[in-house]
Protein chains: 2
Amino acid sequence: MASKGEKTRSDIIVCAKNLFYQRGYEATSFTDIVNASGFFRGNIYHYFKTKDEILEAVIQQRQTDIRTGLAYWDAQYADPKARLNAFVSMVARSSELTEYGCPIGSLNTELGKERRELQDEARVLFDLFRHWLAQQFVALGYEDKAETMSLHLLGRAQGIAVIAQVYHDADVLKRETQMLAEWVREL
Amino acid sequence: MASKGEKTRSDIIVCAKNLFYQRGYEATSFTDIVNASGFFRGNIYHYFKTKDEILEAVIQQRQTDIRTGLAYWDAQYADPKARLNAFVSMVARSSELTEYGCPIGSLNTELGKERRELQDEARVLFDLFRHWLAQQFVALGYEDKAETMSLHLLGRAQGIAVIAQVYHDADVLKRETQMLAEWVREL
DNA sequence: GTCTATAACTCGATAGAC
DNA sequence: GTCTATCGAGTTATAGAC
């Protein structure tokens with residue numbers, strides 16, 4: 001069983017993950033995390049020395065979340081197209097997308113400007129999906145185009161997320177993801 | 001002729017525009033603007049009461065820039081497809097895209113999280129392109145689908161920008177914009 | 001009276017001593 | 001866990017120059 005400290009640590013990470021997503025990394029203050037988590041300042045400092053360190057832990061957590069999700073899809077669906085559909089469905093079903101955009105995309109967009117060291121870690125979140133999607137394209141017989149197709153699909157999903165958030169519009173999210181599902185179907 | 005103050009004001013706006021683009025709005029401090037512009041603190045406050053007000057002026061400036069650009073394309077190209085190509089070419093040619101992402105998209109992504117009042121102004125930048133693109137689709141005979149096609153094209157461009165910035169990769173920018181140009185060609 | 005220049009204030013965040 | 005120092009953010013005040 002996990003120690004008490006493990007739980008405290010992961011509680012802090014969950015709080016920070018939500019705040020970074022909903023407000024952005026720069027816009028989230030250390031005090032915001034203190035208030036939202038309910039812990040005392042010094043207590044949080046015991047686990048993380050800086051805000052940057054919290055972000056690193058959040059990114060680690062997101063990596064774990066994604067690996068778990070991809071493994072679940074691997075177990076759930078044998079057919080590569082069914083797996084690609086699972087990916088598109090995830091985008092279509094995410095109601096928070098119209099509020100805060102894609103958690104991975106918006107994080108990379110922010111960090112990619114002038115926090116490159118941190119973006120190097122956040123980019124891994126894209127790589128996880130990228131490699132997994134490429135595997136599906138390979139399985140469908142697109143060996144030599146798998147990587148470019150994977151980036152294309154990721155890009156389409158990101159574009160949908162941006163527009164859906166800009167207009168805070170669930171309809172455009174639905175419409176565009178249907179088009180993306182159509183693209184998968186025609187493979 | 002414009003007064004001296006007019007020039008100072010527009011110099012401040014240009015500096016802030018670049019900084020907000022390259023670093024993000026939250027990540028840019030007032031001191032950053034002071035240092036980059038070379039003006040004195042108090043001098044900048046003579047022209048703008050708050051940092052938010054500087055951003056509003058920057059967005060106004062971007063609106064003007066876009067209107068000018070669209071008017072130029074209208075004058076330059078009579079054919080709707082040629083105009084759509086001009087739009088796609090702009091994306092393909094923007095070398096800064098792989099560094100800092102789309103200036104309009106990344107700004108909206110940031111402001112859309114928890115600065116909705118400001119995003120309401122930044123969204124206009126999208127609307128300008130959206131309306132103009134829709135006009136071209138109408139001219140091509142897609143009256144009833146013009147609006148959705150416009151959002152689709154904008155989304156594709158945004159997705160390309162995100163991926164190009166995440167991987168800081170000019171190749172993917174080139175490849176994906178070629179695909180987008182192909183999509184325009186097949187209309 | 002507009003613009004420039006300098007100074008100083010408030011506030012909250014980070015950090016670390018106790 | 002509390003308390004306090006320090007720093008930097010955004011902002012305001014005001015004196016001098018054109």
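We name chains A, B, ... by the order of the sequence lines, and we start the count at 1 in each one. All values reported here derive from a predicted model rather than from experimental measurement. The analysis underlying the following values was restricted to heavy atoms, covering all of them including side chains, and did not include hydrogens, waters or symmetry mates.
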Quiz item: What's the closest nucleotide to the A:Phe40 side chain, out of D:dA9, D:dT2, C:dA5?
Solution: D:dT2
Quiz item: So does A:Arg130 pair up with A:Asp127, basic N to acidic O under 4.0 Å?
Solution: yes
Quiz item: Under 4.0 Å: is that the gap between some side-chain N or O of A:Thr31 and OP1 or OP2 of C:dG12?
Solution: no
Quiz item: Pick the nucleotide of DNA chain C nearest each of B:Tyr47 and A:Lys49; which residue has the one closer to the 5' end?
Solution: B:Tyr47
Quiz item: Over its full length, what angle do the end axes of the helix from C:dG1-D:dC18 to C:dC18-D:dG1 make, each axis taken from five pairs and the result rounded to 10 degrees?
Solution: 20°
Exercise. Give a yes or no on whether a donor-acceptor pair under 3.5 Å exists between the nucleobase atoms of D:dT11, that is its base, and the side chain of B:Arg41.
Key: yes
Exercise. Using whole Å, report how far CG of B:Asn43 lies from P of C:dG1.
Key: 20 Å
Quiz prompt | Lys/Arg-Asp/Glu bridge criterion (N-O < 4.0 Å) met for A:Lys51, A:Glu26 | solution = no
Self-check item: Main-chain N/O of B:Phe137 paired with B:Lys145 side-chain donor or acceptor, under 3.5 Å
Solution: no
Self-check item: Rounded interatomic separation in angstrom, taking CD1 from B:Ile33 and C1' from D:dT11
Solution: 13 Å
Quiz item: Atom OH of B:Tyr25 and atom P of D:dA9: how far apart are they, to the nearest Å?
Solution: 14 Å
Quiz item: Charged N to carboxylate O below 4.0 Å: is that the case for A:Glu117 and A:Arg115?
Solution: yes
Practice problem: Would you kindly give the CG-to-P distance between B:Asn35 and D:dG8, to the nearest whole Å? | Solution: 12 Å
Exercise. Give a yes/no on whether any side-chain N or O of B:Thr8 is located under 4.0 angstrom from OP1 or OP2 of C:dT4.
Key: yes
Exercise. Would you check if the side chain of A:His152 reaches a backbone N or O of A:Thr148 as a donor-acceptor pair within less than 3.5 Å?
Key: no
Quiz item: Roughly how many Å is it from OH in B:Tyr45 to P in C:dC9, rounded to a whole number?
Solution: 17 Å
Self-check item: Gap between atoms NZ and P, on B:Lys51 and D:dG10 respectively (whole Å)
Solution: 4 Å
Quiz item: Base, sugar-phosphate alone, or nothing: which one does B:Phe39 contact when heavy atoms must sit under 4.0 Å apart?
Solution: nothing
Quiz item: Can you check the B:His46 NE2 to C:dC3 C1' distance for me, whole Å?
Solution: 5 Å
Quiz item: What's the CD1-C1' distance between A:Ile54 and C:dT14, to the nearest Å?
Solution: 11 Å
Quiz prompt | Between A:Phe30 and A:Tyr45, ring centroids under 6.0 Å | solution = yes
Quiz item: Which part of the nucleic acid does B:Phe30 contact within heavy-atom distance under 4.0 Å: base, sugar-phosphate only, or nothing?
Solution: base
Quiz prompt | Donor-acceptor under 3.5 Å (A:Glu110 side chain, A:Tyr25 main chain) | solution = yes
